[in-house]
Amino acid sequence: MAIELNEVAIIYDDSLSKYDFGKMHPLKPERLKLTFELLRSIGYLEKPNISVFNPKVAKEEELVLFHSESYIETVKKYSDIGSGLLDSGDTPAFKECFESTCIIVGASLKALELVADGKTHHAFNMSGGLHHAFKNRASGFCIFNDPAICIEFLKKEYDMERILYLDIDAHHGDGVMYGFYSDSTVLDIDFHEDGNHLFPGTGFVYELGKDKAKGLKINFPLPPGTGDTQYIRGFRELVPALIDKFKPEIMLMQCGADSHYDDRLTHLNLSTNMYSEVANTIHKLAHKYCNGKLIMFGGGGYNLFNVSRCWTVILNEIIDEKSNIDVPNSWRILYKKIVGEPIPTHLYDEEMPSDEIDDRIIDEVTKNIEYFKSNIL
Ligand SMILES: [Zn+2]
Ligand SMILES: [Zn+2]
């Protein structure tokens, strides 16, 4: 039977929540359960075009596709001890951090296999998108870089030569970008808050890639306060044209929910409208260029309500379903129990924050668009 255009696999079970840096850490594992339960409460898990798969556990031979053996050994050692720091301060080791990261990477590889083998068009691992991890070190709450491992896996096991990686997390996806900086098989497009204002402090327009990959690393830094209008303008002007030029065989998208205006660690002014627009565009482009092959990862997101709804809004676009605009009461009760805070009643933001009156933001975005138009397109 032919797979449907709006078919999506969700990779999930509770074991993904074992990736837990502790109570005081901003990356909360509860966000995964809350998102999954929100999808259940609006009836998505019963839909014929949505299937849920358990993650597999990544093997060391898969980790070494991107990471060095010595770094993997270091993580294992700290994982056994259950304490210490894996980077300069943001990423503490915890008991079994090795094993729990292997489940997250395994979930992304499961998503990859389902899509690359043609069993489904689209797959989503909400626990993935650990885009800051480097070959030799952890960074920014990321121990192993699951999108980077997926890219290497697609190259090695599926002989893919044109892979799109799109990253809409508020933070620059430095681990992926620098990991493939000289690699012409990867078109990396990354919209993020300007590195002059936010961790990791990288991802500037002039970082275009090296050697044969020059022109294939597109970093679009956004000034703090950038809202939907200017973001979407930059996205529409560049992304479809870049993709048309590159003609990817498969698309990977890191869907960090921390670009939302109500995130606690970042300073952009974006609403659910941006997530809808990006997902809608990428979904159409995935069908146009890649026979639908689209793998989605979660990413950052430090306001638990926003994480759940941004990712639900993305799925709405993928399955072409926009009717569920009210948050079910059963889920609101669960949220209150887990998070202890009252939440809005609607999935979509009612009032879109506007950036149309800020000349500084308009000028910066215009400058970026012009830069890529004259240097790349
Ligand atoms: Zn589709
Ligand atoms: Zn982030």
Side-chain angles (χ1 to χ4, degrees), residues 2-10 21 25-28 31 47-51 87 90-91 111 114-115 118-124 126-133 138-142 145-147 166-177 190-195 197-203 219 221-222 224 250-251 253-268 270 274-276 278-304 306-307 310-311 314-322:
I3 46 175
E4 290 188 35
L5 290 179
N6 54 3
E7 186 162 293
V8 59
I10 294 170
F21 294 104
H25 197 277
L27 188 72
K28 307 279 183 216
R31 62 208 202 112
K47 281 188 177 290
N49 55 338
I50 293 185
S51 325
D87 62 3
D90 290 334
T91 318
L114 289 166
V115 171
K119 302 230 166 78
T120 182
H121 276 125
H122 322 303
F124 182 39
M126 64 179 85
S127 70
L130 303 177
H131 61 168
H132 293 305
S139 176
F141 320 156
C142 303
N145 193 321
D146 56 300
L166 170 69
D167 189 319
I168 59 168
D169 193 284
H171 301 91
H172 177 229
D174 53 347
V176 179
M177 204 260 309
D190 196 318
F191 282 68
H192 50 268
E193 185 174 335
D194 190 330
H197 302 275
L198 190 72
F199 177 89
T202 52
N219 291 287
L222 302 151
I250 194 163
M251 297 185 179
M253 175 159 75
Q254 200 269 20
C255 308
D258 50 10
S259 294
H260 192 274
Y261 71 85
D262 204 15
D263 193 80
R264 285 155 194 186
L265 298 189
T266 64
H267 322 96
L268 296 171
L270 300 156
M274 177 282 275
Y275 287 92
S276 286
V278 167
N280 184 286
T281 304
I282 286 303
H283 179 230
K284 285 189 190 136
L285 292 170
H287 282 290
K288 185 172 175 191
Y289 293 98
C290 315
N291 195 22
K293 288 186 169 58
L294 172 63
I295 303 166
M296 292 165 287
F297 313 97
Y302 306 97
N303 172 323
L304 298 180
N306 288 335
V307 174
C310 287
W311 293 347
I314 287 173
L315 281 178
N316 278 353
E317 296 298 330
I318 305 299
I319 65 168
D320 201 16
E321 171 81 62
K322 286 168 205 169

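Start at 1 and go down the list; that is how both ligands and their atoms are numbered.
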Mind checking whether His192 and His172 have parallel, tilted or perpendicular rings, split at 30° and 60°? tilted
With respect to the Zn ion (ligand 2), what is the nearest N, O or S atom of His171? ND1
Quick one: are the ring centres of Phe141 and His25 less than 6.0 Å apart? yes
Considering only N, O or S atoms, which atom of Asp258 is nearest to the Zn ion (ligand 2)? OD2
N, O or S from His283 under 2.8 Å to the Zn ion (ligand 1): yes
Let's go through His121 and His287 carefully: what are the C-alpha distance in whole Å and the side-chain angles of both, what is the deciding distance for side-chain hydrogen bond (donor to acceptor under 3.5 Å, both in side chains) to 0.1 Å, and is it a yes or a no? CA-CA 9 Å; His121 276 125; His287 282 290; 4.6 Å; no
Which of the N/O/S atoms in Asp169 sits closest to the Zn ion (ligand 2)? OD1
Take the Zn ion (ligand 1) as the vertex and measure to NE2 of His122 and NE2 of His287; round to 10°. 100°
Please tell me whether His132 and Phe199 form a close aromatic pair, meaning their ring centres lie under 6.0 Å apart. yes
Taken to the nearest 0.5 Å, the spacing of Phe191 CZ from Asn219 CG works out to 10.0 Å
